[in-house]
Amino acid sequence: MAYFIVQILPYIAVTIFGLGLLFRLVRWAGARLLGTSHEITLAPFPQSPFQAGWVFLREIAFFRNVFFFDPSLWVGAWPMHMALFMVLGGHAVGFYFTGHQFVYIGMSPELSEYMSNLLGSVFGLVLLLGLIYLLVRKVSLVKTRQVSNPSDYLHLIFLIAIVTVGDIMRYFPQYGMHYEEVYEYFKALILLQPVPEFVFHNWFFITHMLLVQCLMIYFPFSKLLHLFGMFAMRWIENRVHIDPEPGLPGVDVAAARARGTGLPSAGGTA
Amino acid sequence: MPEYKGMAQPVKATVEDLKKLRLVPVPDEKKVEEAIRLLDEARKKFRSFVLAMESCVKCGLCAENCHAYLGTRDPHNIPTNRAELIRKVYKRYFTLEGRWFGKLVGAEDLTLDTLEQWYSYFYQCTECRRCGSVCPFGIDTCEVTMIARQILYWLGMVPKLHVGGGWGIERVGNQTNVAKPAIVDTLEFLSEEIKDEFGVDVRFPVDEEADILYVPSSADYMLNPYTLMGAAMFFTYIGAKWTIPSFMSEAGNFGLLFDQRHLMRHLFMRLHDSAVNLGVKKIVWGECGHGWRAWKMYLPYFVDRPLRWEITHLHDEVAYYIRTNQLKLDPTRNSQPVTLHDPCNYVRACSPAGPYGHTENMRTIIRAVTVDFREMYPNREKNFCCGGGSAVLFDDPEMYQKRIQFSQTKADQIRATGVGKDGNGILCAPCSICKAQFYPMVEEHELGVTVHGLIDLVGKALVWK
């Protein structure tokens, strides 16, 4: 079982994840873009590509709409997503550089590893708390209960499970895996070689891997693809639109007022 | 049929009504099958629809930002839940997760009851797009409503009110069914009114060769005469050579609201042909929100011949002449406290950002022609709908009650400005549907205001000598 999870399943999971994403994006792209049959530009109408980019950026980086229109959602959603990006980035960078990534900005290897551990611990915790907050909110508010299907709760519970196992490995080093070990493991996977023996002895790692791979398999077929959805939707809506110039043909207001159009003495219209 | 299994519904068009539009209703036993086929067609065509079906995370942000939900507290009026009425069917028939894990992801078979539910709730959505503009992902539930209404129409499920408008468009070129002799009569009467009230000679040229084609809302002939009078006074004041086309006497476009194929295009071609026949150089649009969206955003892509004229809105033109100091205006003639209701279609669907966009142009005008202008909050693109958008102007008792509920948020906004405190306030609502909704609603909510268009106020403030 463990062998399947850490040696075989990763290839299956990555394949389904990749093909699934492709399937979903092709499916979206296959639907004719509405902007070619009419414009559904939505306020604010950007006046230049720069402004359109700003609309995208402020929603992605700051969750502007959530902040202004549902601050209590923002309190959970924004930190959660930012922590998620940091944690994902941390996984990639931390394992690739075996914790020594900050050496490149002038830190000693020891300090770099310490920083890597610290950031991982902080963002891991923020991520967990953010997810729990969102789950509690979903369960406790009438409106969110009214709009949610069972799968909407399960997504959150599943993510909480992944992060909980990850945090246990982070906060209790005896259950964790060191940077070099993970590096070795992934190197073996990528080079299509047998994975190192020590991996089979860490059940927290195996559980974490199993859950993450399950997520990868169902991710392309779920609402979790909303990041891509936002780009696709805003690509249609936040478009540059310039109005024609005002000013009416054949009109000279000063001359008309001098003639006194409309005044009874002038005898009617133009 | 004002109610179906506890759901309020607008009165449906009969088979005879539909016959006037040459639409044959689908028999009940074939409706489900046909609806699935049409849904399949829509999802392959409209990306905005697919994204609305597949990208929502159910965060619930849209709930408190929809006037229909705020007014009724009906869970199906939460925008994402309204879309869910289609999404659950979409999932069931067009997604892997829906086919394999139906209940888990909320997928459901389509039934006749579901179609009745669509009919009830997609005619409670006013297509105001507020949910789309506050959605973190920009999911435009209005697109879902539009597709639902189109499918329902093809099945033969459409309000009598809307079909009546559609029939008027085909018959005489406007949805209030006013033929040319009545238009000419009315305009002559309005000419006399202007003479009596303002002491100026203003003529309404109909079907004359001119530089400018002005298209008023047909409701202005009967319900909002001051808007039409204001526009005529403005054109006369600036010495424009203008005309009103009797062949296309409608700024609105009911096609946008339930049939974006034949009906919407039909009216587009009427405009095109009028512009060719009268040799005009520019087309100027009257006060109509949904209509302006149709003509501004859809027409260039839908009309069957190349469009050779620029089309602008009257507000944009008036604001231009105010900014360039070409109009002499006396704001004291509109001395009552005034607040402005931003029509959703102007501010969310049509107005460029910046000081010269429609949204700010309305403010340029209202500040120039009134002395006590008070903003309501939230305003501009964050404004709430009047509750009558997309012609949800049904008079049958059940739907009328809904209209009162839909306008509750707006009534609270107006009350908070204090303009109606002494009973002499003005609610400026420069859109025909907004006006039609507000005329009874300001009474229902006892707001102490009278309803006016923006051009009404301009006409009154013009100083002729």
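By convention in this document, chain letters (A, B, ...) are assigned in the order of the sequence lines, proteins followed by strands, and residues within each chain are numbered from 1. Note that the coordinates shown come from a computational prediction; the quantities given were computed from them, not determined experimentally. Hydrogens, waters and symmetry mates are skipped; everything else that's a heavy atom, side chains included, is used.
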J.: How far apart are the C-alpha atoms of A/Glu39 and B/Arg293, what are their side-chain angles, what is the distance that settles it, and do they pass the salt bridge (Lys or Arg N to Asp or Glu O under 4.0 Å) test?
T.: CA-CA 10 Å; A/Glu39 287 184 75; B/Arg293 182 179 181 198; over 6 Å; no
J.: Please identify, among A/Gln51, A/Glu237, A/His155, the residue contributing the most non-hydrogen atom pairs under 4.5 Å to chain B.
T.: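 Most pairs with chain B among the choices: A/Glu237.
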J.: Report, in residue-number order, which members of residues 128-139 of chain A are under 4.5 Å from chain B by heavy-atom distance.
T.: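 At a heavy-atom separation under 4.5 Å, chain B is reached by A/Arg137, A/Lys138.
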J.: Using non-hydrogen atoms and a 4.5 Å limit, figure out which bit of A/Ile242 sits close to chain B: side chain, backbone, both or neither.
T.: neither
J.: Find out whether the Lys NZ or Arg CZ of B/Arg348 is both under 6.0 angstrom from the six-membered ring centre of B/Tyr346 and within 45° of the ring's axis.
T.: no
J.: Let's test your reading of the structure: which of B/Cys59, B/Gly357, B/Gly132 forms the most heavy-atom pairs below 4.5 Å with chain A?
T.: B/Cys59
J.: Hey, mind stepping through B/Arg323 and B/Asn361 against side-chain hydrogen bond (donor to acceptor under 3.5 Å, both in side chains) and telling me if it holds?
T.: CA-CA 9 Å; B/Arg323 273 202 307 275; B/Asn361 281 343; 2.9 Å; yes
J.: Side chain, backbone, both or neither: which part of A/Asp252 has a non-hydrogen atom closer than 4.5 Å to chain B?
T.: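 Just its backbone gets close to chain B.
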J.: Below 4.5 Å from any heavy atom of chain A, which atoms of B/Cys62 appear? Answer side chain, backbone, both or neither.
T.: neither
J.: Ring centroid separation for B/Trp285 and B/His313, is it under 6.0 angstrom?
T.: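 No, they do not, as the ring centres are separated by 6.0 Å or more.
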J.: Hey, does the Lys NZ or Arg CZ of B/Arg130 hover above the aromatic six-ring of B/Phe384, less than 6.0 Å from the centre and inside 45° of the axis?
T.: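 Relative to the ring axis of B/Phe384, which defines the angle, B/Arg130 lies inside both limits.
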J.: At a heavy-atom separation under 4.5 Å, does A/Thr144 approach chain B through its side chain, its backbone, both, or neither?
T.: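 Interface part for A/Thr144: side chain.
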J.: Which one wins on heavy-atom pair count under 4.5 Å against chain A: B/Glu84, B/Lys44, B/His76, B/Arg73?
T.: B/Lys44
J.: Is chain A contacted by the side chain of B/Leu96, its backbone, both, or neither, given a heavy-atom distance below 4.5 Å?
T.: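 It is the side chain, since no backbone atom gets that close.
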J.: Where does the angle between the aromatic ring planes of B/His358 and B/His315 fall among parallel (under 30°), tilted (30 to 60°) and perpendicular (over 60°)?
T.: perpendicular
J.: So if I apply the ring-ring contact (aromatic ring centres under 6.0 Å, His included) rule between A/Phe219 and each of A/Phe23, A/Phe158, A/Phe17, A/Phe228, which one comes out positive?
T.: A/Phe17
J.: If you count heavy-atom pairs under 4.5 Å with chain A, which of B/Val50, B/Asp140, B/Ile139 comes out on top?
T.: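 Maximum pair count with chain A is reached by B/Asp140.
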J.: Is a salt bridge present between B/Arg82 and B/Glu127, judged by a nitrogen-to-oxygen distance below 4.0 Å?
T.: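 Salt bridge flag = no for B/Glu127 with B/Arg82.
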J.: Between A/Phe67 and A/Val75, is any pair of side-chain heavy atoms under 4.5 Å apart?
T.: no
J.: Please identify, among B/Lys296, B/Lys103, B/Lys465, the residue contributing the most non-hydrogen atom pairs under 4.5 Å to chain A.
T.: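 Of the candidates given, the most pairs with chain A belong to B/Lys296.
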J.: Using distance only, find each side-chain donor-acceptor pair of residues 76-84 of chain A under 3.5 Å and give its atom names and separation, not counting sequence neighbours.
T.:
residue, atom, partner, partner atom, Å
A/Trp78, NE1, A/Ala61, O, 2.8
A/His81, ND1, A/Ala77, O, 2.8

J.: When only pairs under 4.5 Å are counted, which of A/Gly30, A/Gly247, A/Pro244, A/Pro150 shares the most heavy-atom pairs with chain B?
T.: A/Gly247
J.: Specify which of A/Arg64, A/Glu245, A/Arg234, A/Glu59 makes the most heavy-atom pairs with chain B at under 4.5 Å.
T.: A/Arg234
J.: Is it the backbone or the side chain of B/Ser351 that comes under 4.5 Å from a heavy atom of chain A, or both, or neither?
T.: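 Just the backbone, heavy atoms under 4.5 Å.
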J.: Between chain B and each of A/Pro246, A/Ala43, A/Gly229, count heavy-atom pairs under 4.5 Å; write down the option with the most.
T.: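 Result: the option with the highest number of such pairs is A/Pro246.
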J.: Sort A/Leu225 into side chain, backbone, both or neither according to what part of it lies under 4.5 angstrom from a heavy atom of chain B.
T.: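 No part of it gets close to chain B.
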J.: What part of B/Ile311 gets within 4.5 angstrom of chain A, counting heavy atoms only: side chain, backbone, both, or neither?
T.: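 Contact with chain A: backbone only.
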J.: Salt bridge check: are B/Glu54 and A/Arg27 linked by an N-O gap of less than 4.0 Å?
T.: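 A salt bridge links B/Glu54 with A/Arg27.
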J.: For the residue pair B/Arg99 / B/Thr95, report whether a side-chain donor-acceptor contact shorter than 3.5 Å exists.
T.: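 No.
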J.: Give a yes or no on whether the ring-centroid distance for A/Trp74 and A/Phe63 is below 6.0 angstrom.
T.: no
J.: Heavy-atom pairs under 4.5 Å with chain A - which of B/Lys281, B/Gln326, B/Glu381, B/Lys195 has more of them than the others?
T.: B/Gln326
J.: Do A/Ser151 and B/Phe101 come close enough that some side-chain heavy atom pair is under 4.5 Å?
T.: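 Answer no - side chains too far apart.
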J.: Considering only NZ, NE, NH1 and NH2 on the basic side and carboxylate oxygens on the acidic side, decide whether A/Lys143 and A/Asp70 come within less than 4.0 Å.
T.: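 Salt bridge present between A/Lys143 and A/Asp70.
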J.: Please flag which part of A/Phe69 lies under 4.5 Å from any non-hydrogen atom of chain B: side chain, backbone, both or neither.
T.: both
J.: Considering only heavy atoms and a distance below 4.5 Å, find which of B/Cys135, B/Ala63, B/Pro378, B/Gly199 pairs most often with chain A.
T.: B/Cys135
